[in-house]
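Numbers for residues simply follow the sequence, beginning at 1.
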Amino acid sequence: MMKNYLQIMQESLMQKLDILSQIEEKSKEQGIMAAREDVTLEEIDANMDEKSALIDKLTQLDAGFEALFDNIRKELLDNKDAYKEQIRCIQELVSEVMAKSASIEALEARNKAAIEEIFRKRRKELQHRKNVSSAANSYYKTANKLSYVNPQFLDRKK
């Protein structure tokens with residue numbers, strides 16, 4: 001029974017590695033998108049939504065792994081020698097997961113800076129458009145006032 005639990009834990013970690021690889025690919029795609037001048041906010045948003053769905057799956061796997069480990073922890077610690085090979089394999093998988101997670105964190109930090117720069121540029125463009133529109137509107141109002149002559153009352157009495 002314990003070997004089955006350990007096998008499930010190994011499979012869970014392998015699935016986690018697969019999901020982390022998918023997240024890493026999405027992060028690389030996001031980095032490529034952020035480098036393009038013509039990227040739309042919708043493209044970035046769609047990429048983030050896909051990554052969010054993958055992260056949700058990852059969270060579920062983590063919760064299941066933790067619950068399973070909590071159930072078998074005592075027996076595993078009491079019989080370390082009997083399960084030495086499986087424990088070593090799980091430790092290697094955990095190391096791979098940690099390395100991939102660190103790689104993704106570095107990618108995400110670079111992407112965050114690039115996307116913040118995109119948002120800053122877009123805000124600046126919007127502010128510029130707003131200023132130009134406001135100036136044009138002000139000019140229009142001023143120009144209309146110049147051609148308008150207020151009614152005048154003339155008194156012809158001498």
Assess whether side chain to side chain contact (heavy atoms under 4.5 Å, CB included) is satisfied between Gln7 and Gln10, documenting all intermediate values. CA-CA 5 Å; Gln7 182 64 33; Gln10 287 176 339; 3.2 Å; yes

Looking only at non-hydrogen atoms, find the nearest pair between Arg36 and Asp38 and report the distance. NE-OD1, 3.0 Å

Shared hydrophobic cluster, Ile19 / Leu107 (ILVMFWY, side-chain heavy atoms < 4.5 Å): no

To the nearest 0.5 Å, what is the distance between OG on Ser52 and NZ on Lys57? 11.5 Å

Over 12 non-hydrogen atoms of neighbours within 6.0 angstrom of CE in Met14: no

For a quick check under 3.5 Å, do Lys51 and Gln30 share a side-chain donor-acceptor pair by atom type? yes

Taking all non-hydrogen atoms of both residues, which atom of Met33 and which atom of Ile44 are closest, and how far apart? SD-N, 4.3 Å

Roughly how far, to the nearest 0.5 Å, is the OG atom of Ser12 from the CD atom of Gln60? 11.0 Å

Test side chain to side chain contact (heavy atoms under 4.5 Å, CB included) on Glu75 and Tyr5; report intermediate values, then the result. CA-CA 11 Å; Glu75 184 178 342; Tyr5 288 144; over 6 Å; no

Least distance between heavy atoms, Lys100 atom then Glu24 atom: NZ-OE1, 3.1 Å

Test: Glu92 and Arg88 ion pair at under 4.0 Å: yes

Side chains of Phe119 and Leu41: closer than 4.5 Å at any heavy-atom pair? yes

Going by heavy atoms in the side chains, are Leu76 and Leu6 under 4.5 Å from each other? yes

For Lys26 versus Asn47, what's the shortest heavy-atom pair and its separation? O-ND2, 3.2 Å

Compare every heavy atom of Leu68 with every heavy atom of Ile8, then report the nearest pair and how far apart it is. CG2-CD2, 3.7 Å

Keeping the roles fixed (side chain from Ser95, backbone from Gln91), state whether a donor-acceptor pair exists under 3.5 Å. yes

If hydrophobic clusters are built from ILVMFWY residues whose side chains come within less than 4.5 Å, do Ile55 and Met98 share one? yes

Same apolar cluster: Ile23 and Ile115, side chain cutoff 4.5 Å: no

Can you tell me how far the CD1 atom of Ile72 sits from the OH atom of Tyr83, to the nearest 0.5 Å? 9.0 Å

Report the C-alpha distance between Gln127 and Asn131 in whole Å, list the side-chain angles of each, state the deciding distance to 0.1 Å, and finish with yes or no for side-chain hydrogen bond (donor to acceptor under 3.5 Å, both in side chains). CA-CA 6 Å; Gln127 186 63 36; Asn131 290 344; 3.3 Å; yes

What distance do Leu17 atom CG and Leu61 atom CG have between them, rounded to the nearest 0.5 Å? 10.5 Å

In one Ile/Leu/Val/Met/Phe/Trp/Tyr side-chain cluster, 4.5 Å: Val39, Ile32: no

Side-chain donor/acceptor of Ser101 to backbone N/O of Val97, under 3.5 Å: yes

Is a donor from one side chain sitting under 3.5 angstrom from an acceptor on the other, for Gln22 and Asp18? yes

Measure the spacing between CD of Glu25 and CD1 of Ile104 and express it to the nearest 0.5 Å. 10.0 Å

Separation between CE of Met48 and OG of Ser27, rounded to the nearest 0.5 Å: 9.5 Å

